[in-house]
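All remarks here apply to the structure that follows.
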Amino acid sequence: MLVEKMRAVRAWFFEQDGGWYVQCKYGSRALALGKGNAVFVKSLQDVQGALATLKDATEAGELDEAIENMLKKRAKKAA
């Protein structure tokens, strides 16, 4: 049976260290992006540009490897 349900969606960005961190999430988990799991921008206005860049990278398949790595880690934990 198909059920529609409202769910809270957490923001992909947060303020810390005098700027904003932008994450790319797969489900509820943040993907690893280079050395960490977030991109740092100095102002709230730059968050939109960072999200647009992440969207473009996703459409170009540049985050496929990060998603595969996360799924492998999840499978190891389940086993």
Side-chain angles (χ1 to χ4, degrees):
M1 173 174 25
L2 179 63
V3 177
E4 289 190 28
K5 181 179 171 183
M6 296 294 292
R7 293 181 48 159
V9 178
R10 294 179 187 220
W12 283 23
F13 56 94
F14 56 93
E15 185 176 17
Q16 189 175 328
D17 301 330
W20 294 83
Y21 287 92
V22 182
Q23 296 178 316
C24 184
K25 294 190 176 186
Y26 184 81
S28 63
R29 307 256 183 203
L31 291 177
L33 303 172
K35 295 181 181 180
N37 67 354
V39 175
F40 182 79
V41 294
K42 296 222 180 243
S43 69
L44 184 59
Q45 291 79 14
D46 297 333
V47 169
Q48 182 178 2
L51 289 171
T53 301
L54 288 171
K55 179 184 177 228
D56 293 341
T58 302
E59 290 174 347
E62 296 174 15
L63 298 179
D64 291 350
E65 184 178 344
I67 293 170
E68 288 176 17
N69 290 338
M70 186 185 62
L71 292 174
K72 287 178 186 175
K73 288 179 186 177
R74 185 182 293 173
K76 285 181 183 178
K77 287 182 182 180

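Scanning for ring-ring contact (aromatic ring centres under 6.0 Å, His included) contacts around Y26 gives an empty result, with sequence neighbours left out. Applying the salt bridge (Lys or Arg N to Asp or Glu O under 4.0 Å) rule to E59 yields the partners K55; only residues at least two apart in sequence or on another chain are considered.
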Acceptor/donor pairs from residues 61-68 side chains to any protein atom, 3.5 angstrom cut, sequence neighbours excluded:
none

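Placement of V41 and Y21 in two distinct hydrophobic clusters is found when ILVMFWY residues are connected by side-chain heavy-atom separations under 4.5 Å, directly or transitively.
Between W20 and V47, the closest heavy-atom pair is CB-CG2, 3.8 Å. Nearest heavy atoms, D17 versus F40: O-CZ, 3.9 Å.
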Exercise for review: Assess whether side chain to side chain contact (heavy atoms under 4.5 Å, CB included) is satisfied between Q23 and F14, documenting all intermediate values.
Suggested key: CA-CA 9 Å; Q23 296 178 316; F14 56 93; 3.9 Å; yes
Review point. T53 and V22: side chain to side chain contact (heavy atoms under 4.5 Å, CB included), yes or no, with the steps?
Key: CA-CA 11 Å; T53 301; V22 182; over 6 Å; no
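Remark: K73 NZ is loosely packed, at most 12 non-hydrogen atoms of other residues, nucleotides or ligands lying under 6.0 Å away.
How far CG of L44 is from CD of E15: 8.0 Å, rounded to the nearest 0.5 Å. For the atom pair CG of L31 and CG of L54, the computed distance is 9.0 Å after rounding to the nearest 0.5 Å.
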